[in-house]
4 protein chains.
Amino acid sequence: MPKKVDRTARREELLDAALRVFARKGFAASRIDDVAAEAGIAKGSVYLSFDSRDALLEAVFQRYAARSEQALAAASAVRGPALDRLAALVRGTVAFLAAHPEHARVLADVWACRAPLDLAAVHRAHREAVARLLADARAEGTLRPGVGAAHAAVVVGAVEGCLVQWLADPRTPLAELAGPIVEVCVEGLRA
Amino acid sequence: MPKKVDRTARREELLDAALRVFARKGFAASRIDDVAAEAGIAKGSVYLSFDSRDALLEAVFQRYAARSEQALAAASAVRGPALDRLAALVRGTVAFLAAHPEHARVLADVWACRAPLDLAAVHRAHREAVARLLADARAEGTLRPGVGAAHAAVVVGAVEGCLVQWLADPRTPLAELAGPIVEVCVEGLRA
Amino acid sequence: MPKKVDRTARREELLDAALRVFARKGFAASRIDDVAAEAGIAKGSVYLSFDSRDALLEAVFQRYAARSEQALAAASAVRGPALDRLAALVRGTVAFLAAHPEHARVLADVWACRAPLDLAAVHRAHREAVARLLADARAEGTLRPGVGAAHAAVVVGAVEGCLVQWLADPRTPLAELAGPIVEVCVEGLRA
Amino acid sequence: MPKKVDRTARREELLDAALRVFARKGFAASRIDDVAAEAGIAKGSVYLSFDSRDALLEAVFQRYAARSEQALAAASAVRGPALDRLAALVRGTVAFLAAHPEHARVLADVWACRAPLDLAAVHRAHREAVARLLADARAEGTLRPGVGAAHAAVVVGAVEGCLVQWLADPRTPLAELAGPIVEVCVEGLRA
DNA sequence: TATGAATGAGCGTTCATTCAT
DNA sequence: CATGAATGAACGCTCATTCAT
């Protein structure tokens, strides 16, 4: 089935191009021509793979969501004490974002656009993964009293919030914030 | 000086209208006509107070920045042990954001637009306020060893990150997250 | 009747201002605000003296037409041989235009606008004055055979055409062209 | 290279349409829609060939300048006594203008607009051609004493000035003025 | 399938004109 | 009379989308 492969490959190349362009100038200022030029194809050809400009942003986001979930799954697969695994998850998430600044940058466009891109699902998955680890830690007896599922949002938020500060000021050393985040959001929760 | 008063009042009314419109449909989808209609004036009259559509967003942001700074100053003015004051600052910030959902919603537009709106300065001021309190706590001997100025970004991030989750999913109870944030970002830092 | 005087004086001041502005930036690029500012009054006050922006150009032109006619009449009043009077008329016309570069510059706007400003009447009056002098010269026997009323347009054109060259390139020394024009259009016509 | 041909052809068609529209209602009153409609294409398509409305006027002028130069070159190519060639040049120029009333009409818009359209260069070329013929006539001994290069502007002006009178009053028989112009500006210069 | 010329709805901005003060 | 804020029609230009080739 060469057609399918070609279509998929072309979609991926286009998404790579769109990701770079969106990250560089922002979705609002990105033209279909810009994406096509970045991908080295003609403007009209973009519509062979995507229905609209908005669909391009949605697809870019979906790819981020999928990759983010993979990173989450990978981090959740490690063995060891629950809070160590939580620390690993936090570090993994930060490393993933720092390693993919383009994906991170496009997040702002996703927040701003009002399309029904299920960003909430990404957050939910993230919170649930954290909540599971907190529950494990509770079972292990390594969790501070009074800490529970309600605090998962705070852990997720700490990561996301550092990302926001980095977006607003690229000089913020996002990767170096992994340590402090772990110290606050993991070590501070130990019994 | 009736002129000055009128112009300022008209500017404020327009900013109120713009804030509502931007919060409702997003800056990218907001038309000058929408803002004018919301303010009950003619489209052309918007240009009596603002040079351009972008200037409107900038002014809306500047007002947010100023109000945010006021909220910060108010929270910093309380007396008591440093970490209690940090808790107050966090609760105050969350309360401010929860009480002004429109301002908060427009933040996403500011992140997405690439105009030189000094969002970084807002973050910096916030981090510095937190860092000052952490330094005070250190002097009081109430701070956990190893915690310092580097962790201010995490505290600020936790608040901002919860805001992001609320923006992505309005069902997230932002106001109720103040408690967990304090438990993680303040109580977890105690010696 | 102080009102009448005031209104007329105000009109004149406004026309002076309009003439300066139109000459400086061209009618197409001149705003009512520009004229008002040049006259030192408020924008709306312009409409107390003129019905519209176009009426301003028309009035400026009418004033030029009247002054041009006066210059023509003055030149026609001199005594002496017909061709000497023609030379005086040419020199007077050129001197008038060179002395009022602003009026001359606005002529281009009058040519370009399609309003029914009777520029043709100005040309007609000019041609008729020249034709009268040529007829006088014919009666005096000082005119070359074959030259008559039909050549008046050429004499008028030579002046106007030098004006055009000066409008297109202000470095053209309009005043200095009076001599050559007379040599070609007057001396060349002698019997 | 079908692309180049098509683009050039389309440009020419658009310039033809623009020329007609500008001549009919004047540049100031001509809308992009008018030009597009005259060319039978959509408004936006105009921008595939021209950057702006002003660029359209500039291109129309450039085409006039080029054609004018061709007419000049053709007239300069004839053989014979210098003053006969000058007469031919004058007749050729007038015939060219009379045959292209649209081009001539747009000249007024060029005079009025302040864009840096090098109308002065057209005049200069015209003057230089005339001046060369006058120098030849001097060498031939057929030129009246006292006449020289300084009179070239007058000859050029006589043509241009008759054009102006025709622009102001289309009833003026421009073509019929060629004879009188020659009689004044050529015959009057003979030794 | 790939192209890019063509489209035309849409929007930001301008500015002549009006009129309440 | 004088003012200048308010108006809103008008227009240049953009660009996502389409479709003939």
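Any value given below was found using the heavy atoms of this structure, including those in side chains, with hydrogens, waters and symmetry copies removed. In what follows, every chain begins at residue 1, and chains take the letters A, B, ... in the order their sequences are listed.
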Which parts of residues 52-60 of chain C get close to DNA chain E, meaning a heavy atom less than 4.0 angstrom away? C/Ser52, C/Arg53
Taking for each residue the nucleotide of DNA chain E bearing the nearest heavy atom, is the 5' side occupied by D/Leu48 or by A/Leu48? A/Leu48
Give each stem of DNA chain E as a range with a range, requiring at least 3 consecutive Watson-Crick or G-U wobble pairs whose two distances are under 3.5 Å. E:2-21 with F:2-21
Pick out the pairs of N or O atoms, protein on one side and nucleotides 18-21 of chain E on the other, that lie under 3.5 Å.
none

Quick one: C/Arg11 CZ to F/dC1 P, roughly how many Å, whole number? 13 Å
Scan residues 18-34 of chain D against DNA chain E and write down, sorted by residue number, each residue with any heavy atom closer than 4.0 Å; if none is found, say none. none
Identify which nucleotide among F/dA2, E/dT3, E/dG8 has an atom closest to any side-chain atom of D/Ala42, counting heavy atoms from C-beta outward. E/dG8
Heavy-atom side-chain contact between A/Val164 and A/Leu107 under 4.5 Å: no
Of all the heavy-atom pairs spanning B/Tyr64 and B/His103, show the shortest one and how long it is. CB-CD2, 3.6 Å
To the nearest angstrom, how far is A/Ile41 atom CD1 from E/dG4 atom P? 11 Å
One should read off an interatomic distance between B/Leu119 CG and B/Phe61 CZ, to the nearest 0.5 angstrom, of 4.5 Å
For residues 26-46 of chain B, which side-chain N or O atoms pair as donor and acceptor with protein atoms under 3.5 Å away, sequence neighbours left out?
residue, atom, partner, partner atom, Å
B/Ser30, OG, B/Gly26, O, 2.6
B/Arg31, NH2, B/Ala28, O, 2.8
B/Asp34, OD2, B/Lys25, NZ, 3.2
B/Asp34, OD2, B/Arg31, N, 2.9
B/Glu38, OE1, B/Arg24, NH2, 2.6
B/Glu38, OE2, B/Arg20, NE, 2.6
B/Glu38, OE2, B/Arg20, NH2, 3.4
B/Glu38, OE2, B/Arg24, NH2, 3.4

Decide if atom CD of C/Glu69 counts as having more than 12 heavy atoms of other residues, nucleotides or ligands within a radius under 6.0 Å. no
Nearest 0.5 Å, please: how far is CG in D/Leu56 from OH in D/Tyr47? 8.5 Å
Separation of D/Gln62 CD from D/Asp118 CG (nearest 0.5 Å): 8.0 Å
Length of the CZ-C1' vector between A/Arg10 and E/dA2, whole Å: 9 Å
Are any of the side-chain heavy atoms of A/Ser52 and A/Glu58 separated by less than 4.5 Å? no
With a 3.5 Å cut-off and sequence neighbours excluded, list the donor-acceptor pairs that the side chains of residues 11-18 of chain A form with protein atoms.
residue, atom, partner, partner atom, Å
A/Arg11, NH1, A/Ser49, O, 3.3
A/Glu12, OE1, A/Arg63, NH1, 2.8
A/Asp16, OD1, A/Arg63, NH1, 3.1
A/Asp16, OD1, A/Arg63, NH2, 2.9

Minimum heavy-atom separation for C/Ala59 to C/Phe50, with atom names? CB-CE2, 3.6 Å
Could you tell me whether the side chain of A/Pro170 reaches within less than 4.5 Å of the side chain of A/Arg105, counting heavy atoms only? yes
Counting side-chain heavy atoms from CB outward, which of F/dG4, E/dT1, E/dA2 is closest to A/Arg7? E/dT1
Surrounding CG of C/Asp54 (heavy atoms of other residues, nucleotides or ligands, distance under 6.0 Å), is the total greater than 12? yes
Of all the heavy-atom pairs spanning A/Ala112 and B/Asp109, show the shortest one and how long it is. CB-OD1, 3.7 Å
